[in-house]
Structures are given as structure tokens and as C-alpha cells.
There are 2 protein chains.
Amino acid sequence: MRGPWWQDRLNDAGFRLTNPRELVLGILRETDKHLSAEDLYVKALQKNPSIGLTTVYRTLDLFTQIGIAQKFDFGDGKARYELANNPLKKAHHHHMVCLKCKSIIDYSDFMKEELELMKKTEKALSKKHKFKIMYHIIHFYGICNSCREGD
Amino acid sequence: MRGPWWQDRLNDAGFRLTNPRELVLGILRETDKHLSAEDLYVKALQKNPSIGLTTVYRTLDLFTQIGIAQKFDFGDGKARYELANNPLKKAHHHHMVCLKCKSIIDYSDFMKEELELMKKTEKALSKKHKFKIMYHIIHFYGICNSCREGD
DNA sequence: GCCTTAATTGATAATGGTTATCATTTTCAA
DNA sequence: TTGAAAATGATAACCATTATCAATTAAGGC
């Protein structure tokens, strides 16, 4: 019997869909933001006061490795996570990060062209390096408008 | 009087080209690897035993903000740095990162198409969001060949 | 050159996100 | 039901990075 895609993904990779994992997954599915491990832990506590921070970290790491979630680093010292196929998110998007204030802007311009190119590249790289690619990330780094004015 | 590009970049941004900065820059220019702050510090110590780790961090941050260097996070807990225009490096390249062992593969396939697309995107985003873009990053995340076999 | 002021530096301590450890609990299959 | 393996959670430890602050250095005006 096949379940929802994330369950299949877990099972196929040889892992169990446990309560804590389901909980974290549920939170990821409900938001359209980039949540940190701490963010997720706090939200998880509200639904299950016995969950541990370590488990949240472990779960996020697992999700990332099997392609359920994506891990981001925006340079502010803590990692952020997003569900890979988030129904609430604009289908596919990327990020612009301010090197000063670490603010993040999502954008989704030129996605069609970009997706094509990425798909092509991904295919070639997978083959060439025998690499199982889970996801890709594109970041533009620079200085945002308000930080420039502050000079 | 204009000096080399990095000096101009510093001056134009209102900063001085000091000894520690010149030292860090020299090390970045001599390598084709992704060095961590610690790596750079150790190398710097050999040439100037009085340099401080804090200064290395500060210098790298400064270089990143004014576009002399690029900062990378490959998920192993420490940031890496590369010179923006490194004569030793393959002109333009990107990275594939293993989510398990954190190994990094540089690649430079499809660079022509990619550069075109990025340039176009960059232009549009800069204008739309009044964002001064210093550099972009493309990462493919997945599981490398040897980590897959280890399953 | 000398002086003034601001920029820069470096030693140290503190911060804080993440991971290691390990005993306990849960899950799945026999 | 039962036993082995997987998963969990509390705690301690780790370690990259940043804050602090007194000391040093650089640049421009005189």
C-alpha cells in the first residue's frame, strides 16, 4: 500500500514514519516561510510537549538527505528549512540575500528558463559524477536597498 | 592613482588596504581551493605571526561585502571563501555538495548558457528590488557515489 | 615632519547553533 | 508476544563565529 509521497519517500529509503517525523512534516506543510530548527522546535512543542530539540535536528537532516526538505544557509548563522513540494509556496523560487542585514527576498522571475537549464545540467552532472541530486539552490548575494542607504 | 582591482575596490568603498588585508588577499590569490577562515588564519600566521583570528574573520566579511571574495556554505558547519576573480581557478564554476560526507565537486558545464541567464536575471532583480548584487551561487545537493554505496 | 582623529587591529571572553552520548522507548516483523 | 533494530530525548560538549575594548596604525591638515 502506498501512502502520500513523503511516506513513500521515507519507506523507500528504509525509514519509518514516526510521530515526531509526522509532526515536523505537518509544520513544514503549513508554512510558506523559511523556518529554522529552533522555529520548528517551538511550533512542535505546542502540539507535542515531549518532543526533543535533538529529534527535530535529526528529522530535518533526514528529510534533507532523502529529498523531502531543502536546507538553506542565508549567512545568519542558523540553517533554514523548506518543504520540497510545498503547496503553499510559489511553485519554484530562489533567493536574494543581503550580506549586511541578512534579509531575504524570494523571487521567481525567469523560472521557466532556469528550470530548463537546471534540469539539463542536473542530468549531465548526475551521469558524469554518479551523483544522486536531490535539489539545487540559487542565491544572489548583495546589499539591499535599505542597507545601501545606511552608508 | 589607481592600483590593482582589489585596491580600487577597497578604496572606492572607503576602506584602507592594510597589511593584514593584503596578507589575506595574497593567500586567496595563491590557492584554487575553498578555504575556511581557520585555514586562512593558519596560512596567514606563517607570514605574519602577529595577525589575529578576529581580523581574518573581519577581513573576509569585508571582502565578501564589497565583492572581492565569495562566501560559501557547504553544510559542514564552517564557511569557505574564494577570491572573486581568481586567476588560478577555472574562470567560472559551481558546486555539487554531498549531503552526507560534505564532499564538494566543482563543475563548469553549461557555463555559457548559465552565465547568460544569470546576467539577465541579475539585471532584472537589481532593478526591481534596488539590490546591489555582488555575486551568485548555484549549488546542487545530493548524495555522492561513495556515500550511496555505503548504504 | 607632527598632530589629531578615525579606522583598524588583536587578545580574550562570550555566544549560540549544532552534534555526541547514552540510556530509554518505540516500532516492526517473526 | 517477543526480540532486535530503529528512533527518541535529556544532557553535556563542541566549536565556529562574534562582541568587547584597549592598543595600534593610517591619512589628512597644519
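Chain A is the first sequence line, chain B the second, and so forth, proteins listed ahead of strands; every chain is numbered from 1.
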Trainee: Strictly below 4.0 Å, N to O, side chains only: are K33(B) and D39(B) in salt-bridge contact?
Mentor: no
Trainee: List the atom of I104(B), the atom of D106(B), and the distance in Å for their closest heavy-atom pair.
Mentor: CG2-OD1, 3.9 Å
Trainee: Going by side-chain hydrogen bond (donor to acceptor under 3.5 Å, both in side chains), name the residues that satisfy it together with D73(A), two or more places apart in sequence or in a different chain.
Mentor: none
Trainee: Given side chain to side chain contact (heavy atoms under 4.5 Å, CB included), test L10(A) with I68(A) step by step and report yes or no.
Mentor: CA-CA 9 Å; L10(A) 273 173; I68(A) 290 180; 4.1 Å; yes
Trainee: Enumerate, in order of first residue number, the stems that involve DNA chain C, defined as 3 or more consecutive Watson-Crick or G-U wobble pairs with both distances under 3.5 Å.
Mentor: C:1-30 with D:1-30
Trainee: Which residue pairs satisfy the salt bridge (Lys or Arg N to Asp or Glu O under 4.0 Å) criterion with at least one member in residues 131-141 of chain A, sequence neighbours excluded?
Mentor: none
Trainee: Please find the earliest and latest nucleotides of DNA chain D, in the 5' to 3' direction, that have an atom within less than 4.0 Å of any heavy atom of chain A.
Mentor: dA6(D) to dT11(D)
Trainee: Taking only heavy atoms on the protein side, list every residue of residues 48-66 of chain A lying under 4.0 Å from any atom of DNA chain D, sorted numerically.
Mentor: S50(A), I51(A), G52(A), T54(A), T55(A), R58(A)
Trainee: Starting at atom OH of Y41(B), determine the distance to atom C1' of dT9(C), rounded to an integer number of angstrom.
Mentor: 13 Å
Trainee: How would you summarise protein contacts on nucleotides 23-30 of chain C per nucleotide, using B for base, S for sugar-phosphate only and - for none, with heavy-atom distances below 4.0 Å?
Mentor: ----BS--
Trainee: Got a sec, which residues hit side-chain hydrogen bond (donor to acceptor under 3.5 Å, both in side chains) with S50(B), two or more places apart in sequence or on another chain?
Mentor: N48(B)
Trainee: Taking side-chain hydrogen bond (donor to acceptor under 3.5 Å, both in side chains) as the test, write out the residues that go with K47(B), two or more places apart.
Mentor: E30(B)
Trainee: According to side-chain hydrogen bond (donor to acceptor under 3.5 Å, both in side chains), who are the partners of R80(B), at least two apart in sequence or on a separate chain?
Mentor: D76(B)
Trainee: Looking at L83(B) and L25(B), what are the two nearest heavy atoms and their distance?
Mentor: CD1-CD1, 3.8 Å
Trainee: Starting at atom NZ of K78(A), determine the distance to atom P of dG17(C), rounded to an integer number of angstrom.
Mentor: 5 Å
Trainee: With sequence neighbours left out, what residues match Y141(B) under ring pair (Phe, Tyr, Trp, His ring centres under 6.0 Å)?
Mentor: Y135(A), H139(B)
Trainee: Show your reasoning for whether side chain to side chain contact (heavy atoms under 4.5 Å, CB included) applies to H94(A) and H136(B).
Mentor: CA-CA 11 Å; H94(A) 287 301; H136(B) 70 264; over 6 Å; no
Trainee: Enumerate the salt bridge (Lys or Arg N to Asp or Glu O under 4.0 Å) contacts for residues 111-124 of chain A, please, sequence neighbours excluded, ordered by first and then second residue.
Mentor: E113(A)-K120(B), K120(A)-E113(B)
Trainee: Applying ring pair (Phe, Tyr, Trp, His ring centres under 6.0 Å), name anything that partners F72(A), two or more places apart in sequence or on another chain.
Mentor: F74(A), H95(A)
